[in-house]
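To find a chain, count down the sequence lines: A is the first, B the second, and so on, and within it residues start at 1.
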Protein chains: 2
Amino acid sequence: MDKMPEMEILFELADVFKVFGDSTRLRILYTLFEDEHSVGEIAESLQMEQSTISHQLRVLRTNKLVKIRRDGKQIYYSLDDDHVKKIIEMGLDHVLE
Amino acid sequence: MDKMPEMEILFELADVFKVFGDSTRLRILYTLFEDEHSVGEIAESLQMEQSTISHQLRVLRTNKLVKIRRDGKQIYYSLDDDHVKKIIEMGLDHVLE
DNA sequence: TTAACATATGAACAATTATTCATATGTTCA
DNA sequence: TGAACATATGAATAATTGTTCATATGTTAA
């Protein structure tokens, strides 16, 4: 173990970390820690443009960090991976020394 | 717990993940998983410019992921944090599903 | 001191990306 | 069907960033 992965895997790995490397996406993920939320709720909660949130949710979804549930006009997003919390907490451990 | 951190902390957190979000830096970290290595050794091993490696090592060092030990003309880099391996492994878990 | 070597650094460039604005798509209800 | 609402998307822009080249800094040994 700990052997260097193939280049293809390394690029994917870097891409995943890139997703965590933006404060807006981190805020969205934190918002979803507790419960699922609609796009509008997240935008309202973070005081950001609906468009911005939607764009970033797509990034999160493409990378399989969140999943969706449609209910009428709204689309509810929630965490789609057990690792998300743990990865963020590990990063936080590092930041907090 | 799981409460959203202050903005300042969120930016730091994002910055840490940004560091992991580059394949060159991931390769450098993997190289250091086993043992410490000099700048030249890493550049040779990864077949990249010495300058590129040096620049990226500075990023890693600034973010306290690697530390240095001077020995004559060479500077040996090694991992400076217990979390590094774990964070990368978590990310890998996600990538590998 | 000087030559040779190892590493660091600054400037420049290309590429990537987060946000905004405007608009499109899709859903509900009258 | 059409109006109102929720979300998605494309284009444009500004900002950030990884790499290279050239050169500077720092170390050793003669």
Rounded distance in Å - [atom1] ([X]) to [atom2] ([N]):
X: B/K18; N: C/dT17; atom1: NZ; atom2: C1'; answer: 10 Å
X: B/Q47; N: D/dT20; atom1: CD; atom2: P; answer: 12 Å
X: A/N63; N: C/dA18; atom1: CG; atom2: C1'; answer: 15 Å
X: A/I28; N: D/dT7; atom1: CD1; atom2: P; answer: 13 Å
X: B/H37; N: C/dT7; atom1: NE2; atom2: P; answer: 13 Å
X: A/M48; N: D/dT7; atom1: CE; atom2: P; answer: 16 Å
X: B/E44; N: C/dA6; atom1: CD; atom2: P; answer: 12 Å
X: A/D15; N: C/dA15; atom1: CG; atom2: P; answer: 18 Å

Considering just the side-chain nitrogens and oxygens of [X], establish if one lies under 4.0 Å of OP1 or OP2 belonging to [N].
X: B/R25; N: D/dG18; answer: yes
X: B/R58; N: C/dT9; answer: yes
X: B/Y77; N: C/dA8; answer: yes
X: B/S51; N: D/dA22; answer: no
X: B/Q74; N: C/dC5; answer: no

Taking the side chain from A/N63 and the backbone from A/L65, do they hold a donor-acceptor pair closer than 3.5 Å?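 Not confirmed, A/N63 side chain does not pair with A/L65 backbone.
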* To do: Measure from the side-chain N and O atoms of A/E41 to the backbone N and O of A/S38, and report whether any donor-acceptor pair falls under 3.5 Å.
  =>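 Confirmed, A/E41 side chain pairs with A/S38 backbone.
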Nearest-nucleotide 5' precedence on DNA chain C, A/G72 against A/E49: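 On the 5' side of the pair lies A/E49.
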Original post:
Does B/T52 or A/Q50 map to a spot on DNA chain C nearer the 5' end, using the closest nucleotide for each?
Top reply: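 Nearest-nucleotide comparison on DNA chain C picks B/T52.
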Please say whether more than 12 non-hydrogen atoms of neighbouring residues, nucleotides or ligands are located less than 6.0 Å from CZ in B/R69.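 Atom CZ in B/R69 is crowded, with more than 12 foreign heavy atoms closer than 6.0 Å.
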Inset, instruction - Taking only Lys NZ, Arg NE, NH1 and NH2, and the carboxylate oxygens of Asp or Glu, determine whether B/K85 and A/D2 approach each other closer than 4.0 Å. - result: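 Salt bridge between B/K85 and A/D2, a charged N being under 4.0 Å from a carboxylate O: yes.
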To the nearest 0.5 Å, what is the distance between CZ on B/F17 and CG on A/D22?
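It is 12.0 Å, given to the nearest 0.5 Å.
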Check: Does A/H55 stack onto the base of C/dT19, taking stacking as ring centres under 5.5 Å apart and planes under 30° apart?
Finding: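 No, the aromatic ring of A/H55 does not stack with the base.
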